[in-house]
Amino acid sequence: MERIIDLGHDMARVWAQYHPAYLTGVRNTLILAFVATLAGGIIGFICGILNTIPYSKNDPAVKRGFIAFIRGIVRVYVEFFRGTPMVLQAVFIFYGLPYFTFNKVQFTGNSGIWIASLIIVSINTGAYMAESVRGGILSIDRGQTEGAMAIGMTHIQTMTSVILPQALRNIMPQVANNFIINIKDTSVMFIIGFMDLFAQHRNIVGINYAFFPSAAIEMLMYLVMTLAASCILRFIEKRMDGNDNYELVLADIATAAGNYNFPDKGTPFDEQNREIAHVENEECLSTKTSEKEAQ
């Protein structure tokens, strides 16, 4: 217990002295994670749509070959960026592009580091999102696509108006998961000099050698960020689900069930039981006859 109290004192001392640096790291981490997740989601949606373009054996060979070529490119992209660590991707993009372009493409200065970091995290996120989107599209019942095609909608209209809105809801937990992962995985961007929360921690430790207190502060701040993101994204999911309870309008139920009293001369589309209608008509006629006799 005494060691925990001592740790709390050390954390308070380090925080009081270096909290502006920690907060700057938190800001940079959240901006990078949010923008990269958004860009990666767009990349994933494009790849997911390209990966699910329908074709049949009756289509022209040119169309089938083009779709197969596009799917091959998407598959190579997904497998490469899912199968290699992000830290190595950062090295290859940040240092490899200047190497292969003979320094014609360089990421110089703070703006260059930001651009490189956004490209790296976005491309990596897009590879994961591509498979999530593909699975979300395939999870939608085939009958909805056939119904949209039956009323004359094109493939693009079907995807944007029918399939993707439902697929987005299905993959929303995965989008939230990728955002939370990006909050943590941006820490590997220190390899190219990006000043996120982890890089700020490294700098502070290099100054005062208080490694464990600074690591404890960093862990708590990452935990706060991920928990806050989880709560916000779950709220968004619930909003996308709509209301749990709905008021039932009895008049509409009666209309749907065909419980209206139809006139004597019905139509072939009347849903009321004809035997019951015949009995009701006879009762109505007998009532009218009785009234006339009474008069």
Side-chain angles (χ1 to χ4, degrees), residues 1-40 81-82 84-95 107 109-125 128 172-238:
M1 188 64 183
E2 182 180 353
R3 296 302 297 169
I4 295 176
I5 295 174
D6 291 340
L7 175 61
H9 289 161
D10 292 338
M11 291 172 61
R13 176 177 54 82
V14 173
W15 174 259
Q17 189 173 0
Y18 299 104
H19 68 274
Y22 285 117
L23 295 178
T24 300
V26 169
R27 181 198 64 191
N28 293 344
T29 296
L30 290 176
I31 293 174
L32 177 59
F34 178 78
V35 177
T37 303
L38 184 62
F81 282 95
R82 285 200 313 171
T84 56
M86 189 188 294
V87 64
L88 293 181
Q89 297 169 15
V91 171
F92 271 79
I93 291 177
F94 189 80
Y95 298 105
F107 301 100
N110 188 51
S111 61
I113 293 174
W114 267 97
I115 293 172
S117 300
L118 287 171
I119 292 173
I120 295 162
V121 182
S122 299
I123 293 176
N124 182 272
T125 304
Y128 287 92
M172 193 62 193
Q174 186 61 33
V175 174
N177 188 51
N178 283 330
F179 176 60
I180 292 172
I181 290 174
N182 283 340
I183 290 177
K184 298 178 294 181
D185 284 357
T186 53
S187 59
V188 304
M189 292 298 105
F190 81 91
I191 198 71
I192 63 174
F194 183 76
M195 298 305 297
D196 71 326
L197 179 57
F198 183 76
Q200 297 289 358
H201 156 71
R202 286 169 55 87
N203 287 345
I204 293 169
V205 170
I207 296 173
N208 62 11
Y209 301 103
F211 186 87
F212 189 64
S214 180
I217 293 173
E218 182 187 22
M219 182 180 292
L220 288 176
M221 298 185 79
Y222 273 118
L223 184 61
V224 169
M225 286 190 290
T226 54
L227 289 177
S230 297
C231 293
I232 294 172
L233 292 168
R234 285 176 182 173
F235 174 76
I236 294 174
E237 288 182 29
K238 290 182 179 179

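Everything quoted here is computed from the prediction, not taken from an experiment.
- Listed here is the closest heavy atom pair of Met195 and Asn28: O-ND2, 2.8 Å.
- For Ser122 (side chain) and Leu118 (main-chain N/O), a donor-acceptor pair under 3.5 Å exists by modelled atom type.
- Taking every heavy atom of both residues into account, Ile192 and Ala116 meet most closely at CD1-CB, 4.2 Å.
- When all heavy atoms of Ile183 and Ala229 are compared, the closest pair comes out as CD1-CB, 4.1 Å.
- Between Ala210 and Val205 the shortest heavy-atom distance is O-CG2, 4.1 Å.
- Ring orientation note: the planes of Phe107 and Phe94 are close to parallel, at an angle under 30° on the 30°/60° scale.
- In this structure, the side chain of Gln200 does not engage the main chain of Thr24 through any donor-acceptor pair within 3.5 Å.
- For Ser187 (side chain) and Phe198 (main-chain N/O), no donor-acceptor pair under 3.5 Å exists by modelled atom type.
- Remark: Thr37 OG1 to Asn182 CG distance equals 4.0 Å, nearest 0.5 Å.
- Taken from CG in Leu223 to CE in Met221, the straight-line distance is 11.5 Å, to the nearest 0.5 Å.
- A pairwise comparison of heavy atoms in Pro213 and Met11 identifies O-CG, 3.7 Å as the closest pair.
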Under the side chain to side chain contact (heavy atoms under 4.5 Å, CB included) criterion, do Asp196 and Met189 qualify, and how do the steps go? CA-CA 8 Å; Asp196 71 326; Met189 292 298 105; 5.6 Å; no

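- The CG atom of Leu197 sits 13.0 Å away from the CZ atom of Arg202 when rounded to the nearest 0.5 Å.
- For CZ of Arg82, the number of neighbouring non-hydrogen atoms (other residues, nucleotides, ligands) closer than 6.0 Å is greater than 12.
- With values rounded to the nearest 0.5 angstrom, Phe81 atom CZ is found 10.5 Å from Met86 atom CE.
- The CZ atom of Phe34 sits 7.0 Å away from the CZ atom of Phe179 when rounded to the nearest 0.5 Å.
- Atoms CD1 and CD1, on Ile93 and Ile120 in that order, are 5.0 Å from each other to the nearest 0.5 Å.
- Taking the six-membered ring where tryptophan is involved, the planes of Tyr22 and Trp15 are essentially parallel, since the angle between them stays under 30° and well short of 60°.
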Please report the C-alpha distance between Ile180 and Ser230 in whole Å, then the side-chain angles of each, then the deciding distance to 0.1 Å, and finally whether the side chain to side chain contact (heavy atoms under 4.5 Å, CB included) criterion is met. CA-CA 8 Å; Ile180 292 172; Ser230 297; 3.1 Å; yes

Given Ile123 and Gln89, is the side chain to side chain contact (heavy atoms under 4.5 Å, CB included) satisfied, shown in steps? CA-CA 10 Å; Ile123 293 176; Gln89 297 169 15; 5.8 Å; no

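- In this structure, the side chains of Tyr18 and Ile217 stay at 4.5 Å or more apart for every pair of heavy atoms.
- Close placement of the His201 and Phe211 rings is indicated, their centers lying within 6.0 Å of each other.
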Just do the side chain to side chain contact (heavy atoms under 4.5 Å, CB included) check on Phe92 and Thr84 with the steps written out, would you? CA-CA 11 Å; Phe92 271 79; Thr84 56; over 6 Å; no

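- Residues Val91 and Ile191 meet the side-chain proximity criterion, which asks for heavy atoms closer than 4.5 Å.
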